[in-house]
Undergrad: 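Got a structure for you, written out below as structure tokens; questions coming shortly.
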Amino acid sequence: MALIERRRADSIEAARSRATLCRRRRRGDRARRFTRAGVAAALALLSRQSGREPAGEDRAQVEVETTNFHLAGHDREALDALIEEAAAEHGLSAHLVRAVVQAESAFDPLAVSPVGAQGLMQLMPATATRMGVANPLDPRQNLLGGVKYLRELLDRFDGNVALALAGYNAGPSRVIRYRGIPPYGETRGYVTRVHRILAQSTGASFPLPAPARLAPMHRRPGHSAHHHRRLSSRR
């Protein structure tokens, strides 16, 4: 009789433990949903302001449990409006800017590459500073700075979109050194990808010149201003 009572007590205790565990899991799921909702609301607010951040907010990343939480689906309507604004301010096609954003970050405002490129247009810190971007993870600032830089590259390469994109990825000095798209697999793939995205989304395209085959004009190693940071490491 005592054995039966002990087994019954053990069974009751096990059921209570399972119920407690289920309640904890439900509370954790609710907390994660609330965290995601709060982050989305905060970013939506930031995307409509210029240079303002919630007090105490970590500007580098948002932590959810033990992994970085990236909002790849962040309010595309708001992002499209910001893309239109930045493109109009610097006289570029919004379709081109949108294709670059897709290739660079897949529309994730919090994207950070292993080598430190940040935000929608994956600005390196030095480039962000030069373009007047105080917070690269602010969608509006990042877009305005990235589009400004792309405009500079287009002007530098006489409106040649392929060369400007190559400069955005590998650095303009390498485009000049090789007198064309540098013979790097990543850079060629990047230019081709933006070309494909643009063609698929709009039916428009830009000429793709043959990759440079000449030896560089200067063999001494140098440093470019921006995206050469990804030639050895891809996010």
Undergrad: Please report the interatomic distance CZ(R156) to CG(D158), rounded to the nearest 0.5 Å.
TA: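 Interatomic distance, R156 CZ to D158 CG, rounded to 0.5 Å: 11.5 Å.
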Undergrad: Report yes if some heavy atom in the side chain of Y184 is under 4.5 Å from a heavy atom in the side chain of Y178; otherwise report no.
TA: yes
Undergrad: Measure the shortest side-chain to side-chain distance between L208 and F206 over non-hydrogen atoms and say whether it is less than 4.5 angstrom.
TA: yes
Undergrad: Would you check if I197 and Q102 make a side-chain contact, meaning some heavy-atom pair closer than 4.5 Å?
TA: yes
Undergrad: Taking side chain to side chain contact (heavy atoms under 4.5 Å, CB included) as the definition, give me every residue that meets it alongside T129, ordered by chain and number, with sequence neighbours left out.
TA: none
Undergrad: Hey, does the side chain of E85 reach the backbone of L144 with a donor-acceptor pair shorter than 3.5 angstrom?
TA: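 Checking the backbone N and O of L144 against the side chain of E85, no donor-acceptor pair under 3.5 Å is found.
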Undergrad: Ignoring hydrogens and geometry, is there a side-chain-to-backbone donor-acceptor pair from T127 to L123 under 3.5 Å?
TA: no
Undergrad: Run the side chain to side chain contact (heavy atoms under 4.5 Å, CB included) test against S201 and tell me which residues pass, sequence neighbours left out.
TA: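 S201: no side chain to side chain contact (heavy atoms under 4.5 Å, CB included) contacts found.
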Undergrad: Enter the distance from S93:OG to L198:CG here, rounded to the nearest 0.5 Å.
TA: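 Here the rounded value is 6.5 Å.
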Undergrad: Quick one: which residue pairs count as a salt bridge (charged side-chain N to carboxylate O under 4.0 Å, His left out) with a foot in residues 88-98, not counting sequence neighbours?
TA: D80-R98, E84-R98
Undergrad: Within the structure provided, determine whether L79 and L120 are in side-chain contact (heavy-atom separation under 4.5 Å).
TA: yes
Undergrad: Can you name the ring pair (Phe, Tyr, Trp, His ring centres under 6.0 Å) partners of H90, sequence neighbours left out?
TA: none
Undergrad: Please determine whether a side-chain nitrogen of the Lys or Arg among R130 and E152 lies less than 4.0 Å from a carboxylate oxygen of the Asp or Glu.
TA: yes
Undergrad: Could you tell me if the side chain of L143 sits less than 4.5 Å from the side chain of M121, heavy atoms only?
TA: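 Heavy-atom side-chain distance check passes, below 4.5 Å.
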Undergrad: Any donor and acceptor pair, going by atom type alone, linking the side chain of R193 with main-chain N or O of A103 inside 3.5 Å?
TA: yes
Undergrad: Taking the side chain as everything from C-beta on, heavy atoms only, tell me whether V194 gets closer than 4.5 Å to Y168.
TA: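 The answer is no, as the side chains (C-beta and beyond) never meet within the 4.5 Å cut-off.
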Undergrad: Distance-only, no hydrogens or angles: does the R174 side chain make a donor-acceptor pair with backbone N or O of G167 under 3.5 Å?
TA: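 Such a contact is absent between R174 side chain and G167 backbone.
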Undergrad: Please examine the side chains of N142 and L137, heavy atoms only from C-beta on, and report whether any two atoms are closer than 4.5 Å.
TA: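 Side chain of L137 against side chain of N142, heavy atoms only: no contact under 4.5 Å found.
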Undergrad: Answer yes or no: is there a donor N or O on one side and an acceptor on the other, between the side chain of Q118 and the main chain of V112, under 3.5 Å?
TA: no
Undergrad: Are the side chains of V175 and I181 in touch, meaning some heavy atoms are under 4.5 Å apart?
TA: no
Undergrad: Just to verify, which of V161, N169, L163 counts as forming a side-chain contact (heavy atoms from CB on, under 4.5 Å) with L165?
TA: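 So the option named by the test is V161.
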Undergrad: For F157, give me all partners under ring pair (Phe, Tyr, Trp, His ring centres under 6.0 Å), at least two apart in sequence or on another chain.
TA: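 Applying ring pair (Phe, Tyr, Trp, His ring centres under 6.0 Å) to F157 gives none.
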